[in-house]
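The block underneath contains the structure these notes are about, expressed in structure tokens.
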There are 2 protein chains.
Amino acid sequence: MALEHAILVSLSERPGTGYEIGQQFSRSIGYFWSATHQQIYRTLKKLHSDGLVSFESVAQDGRPDKKVYTLSQAGRDMLAEWVNSPTPLPPLRSDLGVKLRAADLGDLPTVMAELRAHRDEAAAMLEVYRGWVEQYYPDPDALSGRKLNQYLVLRGGVRMSEQTVDWCDEVLDRFQRELERSAAVAAPQH
Amino acid sequence: MALEHAILVSLSERPGTGYEIGQQFSRSIGYFWSATHQQIYRTLKKLHSDGLVSFESVAQDGRPDKKVYTLSQAGRDMLAEWVNSPTPLPPLRSDLGVKLRAADLGDLPTVMAELRAHRDEAAAMLEVYRGWVEQYYPDPDALSGRKLNQYLVLRGGVRMSEQTVDWCDEVLDRFQRELERSAAVAAPQH
DNA sequence: GGTTTCATGTAACTAGTTACATGATTTA
DNA sequence: TAAATCATGTAACTAGTTACATGAAACC
């Protein structure tokens with residue numbers, strides 16, 4: 001139930017509405033989590049009924065009231081306990097990996113085109129993350145505390161994207177050689 | 001619904017029981033997927049009712065009958081179509097990342113100890129994957145077809161584990177410096 | 001004599017996704 | 001005037017986890 005924790009972490013930094021938490025999740029790698037707004041509203045409701053957060057309704061003109069949530073002491077205690085607890089290795093799961101294994105059931109040029117698109121998406125994310133590092137953490141050695149933590153999480157995202165791009169490139173290289181090999185067999189030049 | 005696909009991929013290589021599929025998922029990185037047996041049995045039932053697989057009950061002495069599932073032509077067609085389709089980048093999700101961001105709510109030495117344990121788990125997986133490469137793919141350049149695909153998936157697992165280990169090391173290094181810094185403040189030597 | 005392997009299942013739960021709904025405000 | 005932003009919600013669904021259940025065989 002890391003969504004609960006991700007929301008609590010967000011609120012531990014500043015109080016906010018469900019909408020704002022959703023924005024943060026989708027806009028930054030910083031929370032290393034993603035969720036739809038429905039999931040967030042539902043979870044906030046549960047966190048409230050569990051006494052981990054409280055909220056204050058704020059009236060607005062022309063817009064629905066917003067509920068500004070704040071972490072309670074119980075929520076803070078719970079978070080601290082969770083932070084000190086072990087994090088098991090997540091089970092391995094990758095759509096791309098599953099698909100790759102069966103790649104020869106498809107059409108190689110098509111598979112390669114889709115792989116290239118996947119690679120490019122990952123490369124675009126990587127550029128975004130690198131831009132954030134430059135913009136928000138220009139002097140990483142000087143960081144400490146919360147800011148350091150946020151930087152290190154971002155570093156994890158950079159590493160992951162790099163890994164994805166490199167893996168796709170490795171696969172594409174090998175598939176390219178396969179293509180050339182089969183072309184050579186189909187139309188030998190000597 | 002990549003579990004469906006993962007099961008179909010497994011059956012495309014050889015017919016098998018739900019139990020065997022579960023073994024494969026948990027024993028090898030090859031399918032890049034994990035699932036509990038309950039999930040697998042349930043999904044096989046659905047795949048059967050969708051006409052993507054068929055099964056034959058095999059009586060055994062002293063054991064419950066086993067159902068040996070086989071991919072149907074419809075299943076094979078469906079898989080081929082899926083293999084040719086795009087794979088979107090999965091949403092970023094990491095318990096460790098969420099936790100790291102809130103690391104200063106916990107106790108630094110405790111957090112570091114848990115991080116070290118996480119790192120060691122990932123390093124152990126990495127050794128397992130590397131062992132498989134050596135054992136089953138000693139000459140990667142010579143591979144082609146299904147065998148090549150399987151190798152490339154395994155390479156993805158190696159890369160991911162490496163990334164996890166390296167990230168943990170980077171975080172641990174920085175946290176170590178934080179520890180030393182705070183120790184220096186608490187007990188200055190000059 | 002206790003654990004692991006083989007082999008399947010039901011039931012209840014938690015987590016996550018997709019579709020639909022409302023409605024004012026700001027920006028292009 | 002069309003799209004995006006702000007702000008929340010219900011409902012129905014799919015996916016994944018955990019607990020409980022059975023029972024023989026093989027291994028240590």
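Both backbone and side-chain heavy atoms feed into the values below; hydrogens, waters and symmetry mates do not. Throughout, protein chains are lettered first and strands after them, A, B, ... in sequence-line order, and every chain is numbered starting at 1.
- Note on ring orientation: taking the six-membered ring where Trp is involved, the planes of B:Tyr129 and B:Trp132 are tilted (angle from 30° to 60°).
- In this structure, the CG atom of A:Leu44 is 13 Å from the C1' atom of D:dA7, given to the nearest Å.
- Contacts between residues 75-97 of chain A and DNA chain C, counted as heavy-atom distances below 4.0 Å, involve no residue at all.
- Checking C:dA7, D:dC6, D:dT10 against every side-chain atom of A:Lys45, the shortest atom distance belongs to D:dT10.
- For the 3.5 Å distance criterion, the side chains of A:Tyr69 and A:Glu20 fail to qualify, holding no donor opposite an acceptor.
- The side chain of A:Arg27 lies closest to D:dC6 when the candidates are D:dT8, D:dC6, C:dA7.
- Side-chain N/O atoms of B:Thr36 include none lying less than 4.0 angstrom from OP1 or OP2 on D:dT18.
- Side chain of A:Arg42, nearest nucleotide from C:dA7, D:dG16, D:dA12: D:dA12.
- Here the rule is side-chain hydrogen bond (donor to acceptor under 3.5 Å, both in side chains) with A:Thr87, and of B:Lys99, B:Glu114, B:Glu121, B:His118 only B:Lys99 fits it.
- Rounded to whole angstrom, the span from the CD1 atom of A:Ile21 across to the P atom of D:dA7 amounts to 13 Å.
- Counting any heavy atom pair closer than 4.0 Å across all strands shown, A:Lys46 reaches no nucleic acid atom.
- Look at A:Thr43 and you won't find any side-chain N or O under 4.0 angstrom from OP1 or OP2 of C:dA15.
- You'll find the side chain of B:Asp107 reaches within 4.5 Å of the side chain of A:Asn84, heavy atoms only.
- Two end axes, each from the C1' atoms of five base pairs, can be drawn for the helix from C:dG1-D:dC28 to C:dA28-D:dT1; they diverge by 50°, to 10 degrees.
- Looking at A:Gln38, its side chain has no donor and acceptor atom pair within 3.5 Å of the base of C:dG16.
- Between the side chains of B:Arg146 and B:Ser12, a donor-acceptor pair is found at a separation under 3.5 Å.
- Between A:Tyr19 and D:dC6, a side-chain N or O to OP1/OP2 separation shorter than 4.0 Å is present.
- A:Phe25 contributes atom CZ, which lies 9.5 Å from atom CH2 of A:Trp33 (distance to the nearest 0.5 angstrom).
- Distances shown here put every side-chain N or O of A:Lys67 at or beyond 4.0 Å from the OP1 or OP2 atom of D:dC6.
- Using modelled atom types, one finds a donor on one side chain and an acceptor on the other under 3.5 Å when comparing A:Gln24 with A:Ser10.
- Aromatic pair B:Phe55/B:His48: ring centres closer than 6.0 Å.
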